[in-house]
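Reckoned from all heavy atoms, side chains included, excluding hydrogens, waters and symmetry mates.
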Amino acid sequence: MHMIRLQSVSELNDTPFEQVSKRISGDQQAYLIKEHQQAIGFFALHPLDDQVTKLTTFVITTLDQSENLVEMFYKIIEIAEDNHMHYLVVETDHQDIIELLTWIGFKHWKDECNTWGYSCG
């Protein structure tokens with residue numbers, strides 16, 4: 001599985017993610033998730049400040065095994081670390097995702113409702 005940083009969201013044209021990509025603003029970093037040369041997902045990170053980045057969009061088309069979802073989150077954490085971020089935050093109210101995030105090591109983020117943070121590196 002590979003995460004490929006996109007230079008422009010227009011690179012998502014003619015993919016299953018074209019509609020979702022229209023919600024991405026210029027200060028967000030967009031990534032394509034590929035497995036076996038096939039695009040299977042897309043996500044975007046938005047730096048909130050020089051220490052915190054937020055996962056703003058996360059879309060996958062297929063998921064063969066739940067382990068793949070865990071691997072995707074670990075790779076997103078690696079990207080945040082590579083960008084010298086101290087924290088990765090995710091906002092969600094989906095209980096299944098919250099359970100996954102806490103299993104990976106995310107903690108409830110300060111006083112923010114439905115927000116979970118991971119302390120990078």
Side-chain angles (χ1 to χ4, degrees):
M1 184 176 316
H2 304 287
M3 310 295 186
I4 301 163
R5 184 169 179 186
L6 304 175
Q7 300 304 315
S8 166
V9 256
S10 65
E11 294 179 59
L12 293 172
N13 293 349
D14 301 322
T15 72
F17 316 108
E18 183 175 7
Q19 288 299 102
V20 176
S21 71
K22 294 178 180 169
R23 292 188 250 153
I24 306 303
S25 66
D27 57 348
Q28 295 182 16
Q29 300 170 355
Y31 294 83
L32 190 62
I33 305 168
K34 287 185 123 181
E35 187 169 57
H36 307 296
Q37 301 304 319
Q38 179 182 2
I40 63 166
F42 160 74
F43 68 94
L45 296 173
H46 175 79
L48 300 179
D49 58 35
D50 63 340
Q51 295 186 356
V52 181
T53 193
K54 182 177 185 178
L55 179 66
T56 57
T57 305
F58 182 72
V59 179
I60 53 176
T61 58
T62 60
L63 187 62
D64 296 335
Q65 301 172 349
S66 60
E67 293 86 18
N68 289 354
L69 186 59
V70 173
E71 181 182 354
M72 287 177 197
F73 271 99
Y74 279 125
K75 288 188 181 280
I76 293 168
I77 290 167
E78 280 181 36
I79 289 169
E81 290 173 341
D82 289 346
N83 287 324
H84 309 289
M85 291 294 168
H86 295 188
Y87 301 98
L88 171 66
V89 295
V90 177
E91 185 176 345
T92 185
D93 60 356
H94 296 283
Q95 191 58 39
D96 292 342
I97 299 297
I98 293 169
E99 289 174 14
L100 173 69
L101 293 173
T102 55
W103 185 82
I104 290 172
F106 282 74
K107 306 276 188 244
H108 191 258
W109 185 250
K110 302 180 181 179
D111 295 328
E112 300 286 328
C113 184
N114 299 323
T115 304
W116 305 88
Y118 184 88
S119 179
C120 299

Asker: Ring centroids only, cut at 6.0 angstrom: are Phe73 and Tyr118 within range, meaning strictly under it?
Answerer: no
Asker: Would you indicate whether the side-chain heavy atoms of Met3 and Met72 approach each other to under 4.5 Å?
Answerer: yes
Asker: Examine Ile60 and Ile97 and state if one hydrophobic cluster contains both, with Ile, Leu, Val, Met, Phe, Trp and Tyr joined whenever side-chain heavy atoms are less than 4.5 Å apart.
Answerer: yes
Asker: Can you confirm whether Met1 sits close enough to Asn68 that some side-chain heavy atom of one is under 4.5 Å from a side-chain heavy atom of the other?
Answerer: yes
Asker: Which atom pairs, one a donor and one an acceptor, fall under 3.5 Å between side chains of residues 36-48 and the rest of the protein, sequence neighbours left out?
Answerer:
none

Asker: If you define the side chain from C-beta out and look only at heavy atoms, does anything of Gln28 sit under 4.5 Å from Thr56?
Answerer: yes
Asker: Applying side-chain contact (heavy atoms from CB on, under 4.5 Å), run through Ile4 and Lys34 and close with a yes or a no.
Answerer: CA-CA 8 Å; Ile4 301 163; Lys34 287 185 123 181; 3.3 Å; yes
Asker: My understanding is that only residues two or more places apart in sequence, or in another chain, count here; which of them pass ring pair (Phe, Tyr, Trp, His ring centres under 6.0 Å) with His108?
Answerer: Trp116
Asker: Looking at residues at least two apart in the chain, or sitting in another chain, which of them share a side chain to side chain donor-acceptor pair (under 3.5 Å) with Asn114?
Answerer: none
Asker: I'd like to know whether Leu32 forms a side-chain contact (heavy atoms from CB on, under 4.5 Å) with Arg5, so could you lay out the CA-CA distance, the side-chain angles of the two residues, the decisive distance to 0.1 Å, and finally the verdict.
Answerer: CA-CA 6 Å; Leu32 190 62; Arg5 184 169 179 186; over 6 Å; no
Asker: Checking side-chain contact (heavy atoms from CB on, under 4.5 Å) for the pair Tyr87/Ser119: CA distance, chi angles, key distance, verdict?
Answerer: CA-CA 5 Å; Tyr87 301 98; Ser119 179; 4.0 Å; yes
Asker: Hey, are the side chains of Val90 and Thr115 touching, using non-hydrogen atoms and a 4.5 Å cut-off?
Answerer: no
Asker: Kindly work out whether a path of hydrophobic side-chain contacts (I/L/V/M/F/W/Y, heavy atoms less than 4.5 Å apart) joins Phe58 to Ile98.
Answerer: yes
Asker: Is the shortest side-chain heavy-atom distance between Ile76 and Leu88 below 4.5 Å?
Answerer: yes
Asker: Which pairs pass salt bridge (Lys or Arg N to Asp or Glu O under 4.0 Å) with one or both residues in residues 112-121, sequence neighbours excluded?
Answerer: none
Asker: Looking at side-chain heavy atoms only, is the closest gap between Phe106 and Ile77 below 4.5 Å?
Answerer: yes
Asker: Provide the full list of side chain to side chain donor-acceptor pair (under 3.5 Å) pairs with a residue in residues 75-86, sequence neighbours left out, each pair given once.
Answerer: Gln29-Asn83
Asker: Mind jotting down which residue pairs meet the side chain to side chain donor-acceptor pair (under 3.5 Å) criterion with at least one end in residues 89-102? Sequence neighbours excluded, please.
Answerer: Lys54-Glu91
Asker: What closest approach, in Å, do Val59 and Thr57 show between heavy atoms, and which atom pair accounts for it?
Answerer: CG2-CG2, 4.1 Å
Asker: Would you say Leu100 and Val70 make side-chain contact, with heavy atoms under 4.5 Å?
Answerer: yes
